Amino acid sequence: AQKVTQAQTEISVVEKEDVTLDCVYETRDTTYYLFWYKQPPSGELVFLIRRNSFDEQNEISGRYSWNFQKSTSSFNFTITASQVVDSAVYFCALSEATSNTGKLIFGQGTTLQVKP
Amino acid sequence: EAGVAQSPRYKIIEKRQSVAFWCNPISGHATLYWYQQILGQGPKLLIQFQNNGVVDDSQLPKDRFSAERLKGVDSTLKIQPAKLEDSAVYLCASRLRSSSGAEGNTIYFGEGSWLTVV
């Protein structure tokens with residue numbers, strides 16, 4: 001069965017601290033996609049990154065970086081030098097490519113609060 | 001490029017009343033989704049359309065929820081009659097098409113329609 005677990009419900013940091021958001025997933029498929037979305041108070045889910053199951057290369061985009069490890073079924077997200085504007089709910093999600101529907105299975109979300 | 005458009009943004013209704021939400025996906029996107037997000041939870045899929053056909057509506061409470069995408073572009077989600085437990089954000093999302101590789105498999109979301117049932 002597909003499942004995404006974000007064990008951290010809420011995280012609070014002070015501006016400029018680094019913070020890592022954890023994501024663990026379960027799937028029986030060998031081909032799948034993993035995503036991170038940001039949901040600010042406005043409600044829109046903003047796409048941050050997509051990673052397919054065959055690409056374990058870590059990725060860095062500005063202050064954001066992602067660590068994908070198939071061996072531990074984890075896809076963790078790190079924000080370096082956090083800013084107040086990073087405050088939001090962050091969702092990790094899984095999509096199984098073999099079903100071809102693109103249906104996303106979301107984790108419960110992690111609320112990040114960055115204090116000035 | 002315009003994103004996924006939804007309306008209304010906010011709606012408050014009494015239980016047993018009806019409500020309708022509208023969605024216009026990103027131009028050219030063949031797949032359209034409606035997700036329900038209850039406060040404090042991740043979004044859950046209600047229904048998925050491929051062009052104007054339903055692909056997956058297994059999680060749609062069909063006794064009260066209905067959705068259509070008649071011309072393969074805009075979509076409407078209706079709830080009738082509403083229950084208190086329907087209070088949630090209704091998110092519309094779209095995807096280009098799966099044959100377009102990784103980018104085609106990225107799903108983009110609108111701002112959502114916030115429903116409060118009192």
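These numbers come from a predicted model, not from an experiment.
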With clusters defined by side-chain heavy atoms of hydrophobic residues (ILVMFWY) lying less than 4.5 Å apart, directly or transitively, does [Y] cluster with [X]?
X       : Y       : answer
V89(A)  : I105(A) : no
F91(A)  : W66(A)  : no
I11(A)  : Y90(A)  : yes
W36(A)  : V24(A)  : no
L112(A) : I49(A)  : yes

Worksheet item: Could you walk me through whether T106(B) and F35(A) pass the side-chain contact (heavy atoms from CB on, under 4.5 Å) check?
Response: CA-CA 9 Å; T106(B) 300; F35(A) 300 80; 4.2 Å; yes
Worksheet, complete the sentence: Turns out that what part of Q6(B) lies under 4.5 Å from chain A's heavy atoms comes down to neither
Fill in: Over all atoms of both residues, closest heavy-atom pair of Y37(A) and I107(B)
OH-O, 2.5 Å
Worksheet item: Looking only at heavy atoms, what is the nearest atom pair of W114(B) and G43(A), with distance?
Response: CZ2-CA, 3.9 Å
Worksheet item: Should we say atom NZ of K115(A) is surrounded by more than 12 heavy atoms from elsewhere, each under 6.0 Å from it?
Response: no
Discussion item. If you count heavy atoms of other groups shown closer than 6.0 angstrom to NZ of K11(B), is the number above 12?
Written reply: no
Practice prompt. With a 4.5 Å heavy-atom cut-off (strictly below), which parts of residues 63-94 of chain B touch chain A? List them by number.
Written response: L91(B)
Practice prompt. Check ring-ring contact (aromatic ring centres under 6.0 Å, His included) between Y25(A) and all other residues, then give those that pass, not counting sequence neighbours.
Written response: Y32(A)
Discussion item. Between Q39(A) and chain B, with a heavy-atom cut-off of 4.5 Å, which part of the residue counts as in contact: side chain, backbone, both or neither?
Written reply: side chain
Discussion item. How long is the straight-line distance from CD of E111(B) back to CG of L45(A), given to the nearest 0.5 Å?
Written reply: 11.0 Å
Item to complete: Give, for atom OH of Y35(B) and atom NZ of K103(A), the distance between the pair rounded to the nearest 0.5 Å.
Response: 7.5 Å
